[in-house]
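Shown next, in structure tokens, is the structure this report addresses.
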Amino acid sequence: MLLVLTDEHKEHLAFLLEVDSAVVGEFGRIALEFLKKGSNSKIYEGAARKLNVAVETVQHGVEGIMYLLTESSKLMISEVDFQDSVLVLGFPEELNKLLLQLYLDNQKEIRNILSELGPNLPHYHNLEWRLDVQLASRALRQQIKPAVTFKLHLEQNGEESANVLQTDPATLLHLIQQLEQALGEMKTTHCRRVVRNIK
Amino acid sequence: MRFRFCGDLDCPDWVLAEISTLAKLSSVKMKLLCVQVLKDLLGEGIDYDKVTKLTSDAKFESGDIKASVAVLSFILSSAGKHNVDSESLSSELQQLGLPKEHTTGLCKSYEDKQTVLQEKLRESSLRLSRLESVSWRVDYTLSSSELREVNEPTVLLRFQVNGPDPASKEPIVASLTADKFRVLLTELKQAQVMMNALN
């Protein structure tokens, strides 16, 4: 599968032709830092001053490399396809090899970062419970009414929420039975077949 | 194999694996590590520098340090949770393969702090909302816009309640006439008699 690069993207990457390969290596490293930690405009200004070009050109160059790496990692492009896609840009052989090396070394890590960007549902964080017995109320004395109270802590995108729930033991047993049935589904032949094929 | 300190269930696999890591420490260092972990369980905070110093002799990496703290935490808190006495804990740990000197050291630290630990666990059990304080005031209404001579005592009650979220602290204010207040007082006294009977 070949990457199709837009004209704007090609323009941005054309800047890389004007600098030597050590600088391109440096830009590659900066691009990876940004993918891991977020961009920092001071680095752009420093680089622009050293190379005597406008800040935007440096910024576009680095962002171009970032986009190239993320798109290739996203689509899991093979070496050959990556080289063919980069050939379009008309870079010298050395530069192509450098970009390929950058891609191969960091593909796994970039994929890890990209996997965390998908939509997120609230997920389990912690469950506290207590078992109580109600012995009397204002209306009725001499009762015995057991109840289980839960505080379910959930987490979504860094925010925590807590739900308080209460149930009697019969419903709790039913709940446990349903959840064990759900776990048991993994052991059916249908699920086993699917899981084997995914692996 | 059922263990009392795991609540009459099987011992988790990771605990078995990490007990062999613990055996690598000398028994003196392990007792000091237990003291640190107990301090953490009692809410006094753990001194990670001391822990690193203790484990540096056995050349533990950071993964090993975390694992040994986790397994000691689990053993001590489960033993407290299921009210296991220190001899049973000692025999069960020896069955799992922890050497005798390490077990004696661990059980001695556990025994020293067992009551305090169980108190702390009791306090951190799930509670939904807590009454923090009550303040009251008795007023005497002389007259109002409805009636010229009212001459009635009223009591003003203010309950400071800590809700289930740590952030919500709401004061509940109510004013009661003498009769209503008398009813409230009788009912609460009956509830108190019932609570004293159970204590």
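- Of the two parts of A/Thr149, the backbone and the side chain both hold a non-hydrogen atom closer than 4.5 Å to a non-hydrogen atom of chain B.
- A/Tyr67 and A/Leu100 are not part of a single hydrophobic cluster, where members link through side-chain heavy atoms under 4.5 Å apart.
- One hydrophobic cluster, built from ILVMFWY side chains closer than 4.5 Å, cannot hold both A/Ile113 and A/Ile77; they sit in different ones.
- Connection of B/Val116 to B/Val35 is not established within any shared hydrophobic cluster, with ILVMFWY side chains joined at heavy-atom distances below 4.5 Å, either directly or through further cluster members.
- Linking Ile, Leu, Val, Met, Phe, Trp and Tyr residues whenever their side-chain heavy atoms come within less than 4.5 Å leaves B/Leu156 and B/Phe159 in two separate clusters.
- The structure places CZ of A/Arg130 at 6.5 Å from CG of B/Leu128, a figure rounded to the nearest 0.5 Å.
- Heavy atoms of B/Ser124 lying under 4.5 Å from chain A belong exclusively to its backbone.
- Other residues, nucleotides and ligands place no more than 12 heavy atoms under 6.0 Å from the CD atom of A/Glu94.
- Of the inter-residue distances, the one linking B/Leu126 atom CG with A/Leu127 atom CG reads 9.0 Å to the nearest 0.5 angstrom.
- Looking only at atom types and distance, the side chain of B/Gln190 has a donor-acceptor partner in the side chain of A/Arg141 under 3.5 Å away.
- Note that the CD atom of A/Glu128 and the CZ atom of B/Arg127 stand 12.5 Å from one another [nearest 0.5 Å].
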